There are 2 protein chains.
Amino acid sequence: MVRGSVTIRDVARHAGVSISTASRALGGGSASAKTRTKVQQAATALHFVPNTAAQQLITGRSNVVAIMITETPDFMFQDAFISSITSQLMNSFTKANLFPFLVLIAPNDAEGFARLLHNSRADGMVVVSFHYSEQFATVIEQFGRPTVFVGKPPLDMDYPYVDPDQLQGGRMAGQVLTARGRRHIAIIEGPTDMHSPNERNDRTTGCVRALHDAGLSPIATIPGPYTMRHGIEAAHEVLTEHPEVDGFFAHSDQIAAGVLHLLHQHDRHVPRDISVVGFDNFQVAGLVSPPLTTIAQPLNQLAEAATEMLCARLEQGQWPYRRKIFPVHLVERDSV
Amino acid sequence: MVRGSVTIRDVARHAGVSISTASRALGGGSASAKTRTKVQQAATALHFVPNTAAQQLITGRSNVVAIMITETPDFMFQDAFISSITSQLMNSFTKANLFPFLVLIAPNDAEGFARLLHNSRADGMVVVSFHYSEQFATVIEQFGRPTVFVGKPPLDMDYPYVDPDQLQGGRMAGQVLTARGRRHIAIIEGPTDMHSPNERNDRTTGCVRALHDAGLSPIATIPGPYTMRHGIEAAHEVLTEHPEVDGFFAHSDQIAAGVLHLLHQHDRHVPRDISVVGFDNFQVAGLVSPPLTTIAQPLNQLAEAATEMLCARLEQGQWPYRRKIFPVHLVERDSV
DNA sequence: CTGAAAGCGCTTACAG
DNA sequence: CTGAAAGCGCTTACAG
């Protein structure tokens, strides 16, 4: 590992074999058992560490895989979805003997993204949080190596992906609200730039369908970032313009926490006066007051599936499947 | 970027010059203005992206810098200190044209650490959260490249570092408690494995000195992880064994949040009956009830200094200085 | 099973 | 300023 250190040439000499034999003995090539031990002992004795740059130059493989996140570092570490899925991905890639490289970049810095991605030397990539822009789409395309999305990619980007069943999640949220007798329901959405401009958010669509089944329509649909602040501001807006509101479907627990916070400030009792449903089932869902009824998504399964897909693609040269959708389920607490 | 793609040879041919001239024109070498434009145009036209593996093989430099964190991914993303310092480091390294590689590894997996570090191809490293073990110390030593610590390294590891003034921070905490008339003060420490076994925690030492100046000693000193749970359990222990307790110094805001939580459960009023001081001044300090009086440390300055030190070492071949200590300050809220 | 040779894509003395 | 050549440390056909 130290600069100017021992090379395979030294190992070969020490073991009394040629360089090519040493290389084979160390790797998977053919070599007699005797030679193999001799060479491996030499390598150990000399603390030989192969030069990854040279290996990569020959084989074209780095065993590095990029995890792409278009968020500011601050947000990434505060956001439970991203940090959690990222940590799961790092775990499963490491288990698969791949080396995760975090490509963390602000949503407006496509050039920095290209540089970082290139310098990661990655063989493949998983996109965790993608805020759409043409430049970013172009960089991913030019990357030209196997790439899988966590979350459905924008319509014009045809990449394999894993996703929780968003439609079903939205439907469950709508159903639990209407079943409770709520009739004036507002939807506080996540950001709109994570899918194509003309595409509707699946969580919203699912919810709208459930409302429709009960003869209803949402009284408001307000997009924004996955933050508590967005929840607070959106709930404020709804309360002001639609004081009759009696139900909220928030697209994340964090947003729901903001909604609860505002309702509490305005002395609207949850769940007596108003019901609130979240999405994610993260830790915060159990900590807010009242504890939040929410839709749980299986993050670990998403991460594992993404890893498996990418590994298969890297090893067998083709995707085992193009997409995998995971069921979600309702976690009932006290906010409905 | 695509496999089997354009090389400098293609660029040279397209520009009508030799490979060596192309290389010089693209890099910092000598070349006529005319040649330089010609080559750069060719590179752009062909979408040339230099092969970093080849560059590294020649120059011995990758421009990658490792950020080492011996924690489980889960903890890292939940811990405000680590995630915050990491995100600041990533920012400042990126600004310095270096590529941060997160080496995130469980505290017991020294072998995995060695592999990850090696595969990062890093030119240097900054150690953010170091839980001591001989194996880890050995891996860092064998890494053999410039390494700087955030936080004072264990005594037997002589690496340059940046650190907030821990001693002064502890002293401030002690002083604000004694000034408030508290006389039965417990210290809830962070982990003990982050410094050498026979070494005392500097935050504790500072606090003990302040108590000593007031003719006091701590009634208890309880180490543990930087978590809310540790705060809860330790406060419970103190309350049980030393019911006379009237002051807590928690080594992190997170621990303090746990202490506050437990005191609330046991109907001990803060700050009327008991005072609590934290450390960090993270967001949680303003959110708990009552808002927490705490010691603020300048994370961004720590990160920037670490980056500067490492950059200087990488470019000029020597450390500009071996350590840099940053002042901390007391942030008074309502818990004392 | 083993060794000599070619070559991955660059950079950098060395001559001119 | 420019080109031909050497070489970074490996791996992998190719012969034997």
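Since this is a predicted model, take the numbers as computed values, not measurements.
When the side-chain contact (heavy atoms from CB on, under 4.5 Å) test is applied to A:Val127, the partners found at least two apart in sequence or on another chain are A:Met68, A:Met125, A:Phe130, A:Ile140, A:Thr147, A:Phe149. Listed by chain and number, the residues in a side-chain contact (heavy atoms from CB on, under 4.5 Å) with A:Glu111 are A:Asp109, A:Arg115 (sequence neighbours excluded). For the ring-ring contact (aromatic ring centres under 6.0 Å, His included) test, no residue two or more places apart in sequence or in another chain qualifies with B:Phe75. Residues that satisfy the side-chain contact (heavy atoms from CB on, under 4.5 Å) test with A:Pro191, not counting sequence neighbours, are A:His131, A:Asp193, A:Met194, A:Tyr226. For A:Phe93, there are no ring-ring contact (aromatic ring centres under 6.0 Å, His included) partners two or more places apart in sequence or in a different chain. Legend: residues meeting side-chain contact (heavy atoms from CB on, under 4.5 Å) with B:Tyr321, ordered by chain and number and at least two apart, are B:Glu308, B:Met309, B:Lys324.
In the set C:dG3, C:dC10, D:dT2, C:dG3 carries the atom at the smallest distance from any side-chain atom of A:Ser18.
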For every nucleotide of nucleotides 11-16 of chain D, 5' to 3': is a protein heavy atom under 4.0 Å from its base (B), only from its sugar-phosphate (S), or from neither (-)? BBB---

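Between A:Thr35 and the phosphate of C:dC1, there is no side-chain N or O to OP1/OP2 separation shorter than 4.0 Å. Look at B:Ser30 and you'll find a side-chain N or O under 4.0 angstrom from OP1 or OP2 of D:dC1.
Note: CG (A:Leu26) to P (D:dG9) measures 16 Å, nearest angstrom. Separating the CZ atom of B:Arg9 from the C1' atom of D:dA4 is a distance of 12 Å, rounded to the nearest angstrom. Residue A:Asn51 contributes atom CG, which lies 7 Å from atom P of D:dG9 at whole-angstrom precision. In this structure, A:Leu57 atom CG and C:dC10 atom P are separated by 9 Å, rounded to whole Å. Atom NZ of A:Lys38 and atom P of C:dT2 are 7 Å apart (whole Å).
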How does DNA chain C look in dot-bracket notation if pairs are Watson-Crick or G-U with both distances under 3.5 Å, crossing ones as [ ], other-strand ones as |? |||.||||||||.|||

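Looking at heavy-atom distances under 4.0 Å, B:Thr7 makes contact with sugar-phosphate atoms alone, never a base.
Across all their heavy atoms, A:Val148 and A:Ala306 have their closest contact at CG1-O, 3.9 Å.
Using a 4.5 Å heavy-atom cutoff, the side chains of A:Gln56 and B:Arg121 are in contact.
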Run the side-chain donor-acceptor check on residues 15-27 of chain A: report pairs under 3.5 Å with partners two or more places apart or on a different chain.
| residue | atom | partner | partner atom | Å |
| --- | --- | --- | --- | --- |
| A:Ser18 | OG | A:Ser20 | OG | 3.2 |
| A:Ser18 | OG | A:Thr21 | N | 3.2 |
| A:Ser18 | OG | A:Thr21 | OG1 | 3.0 |

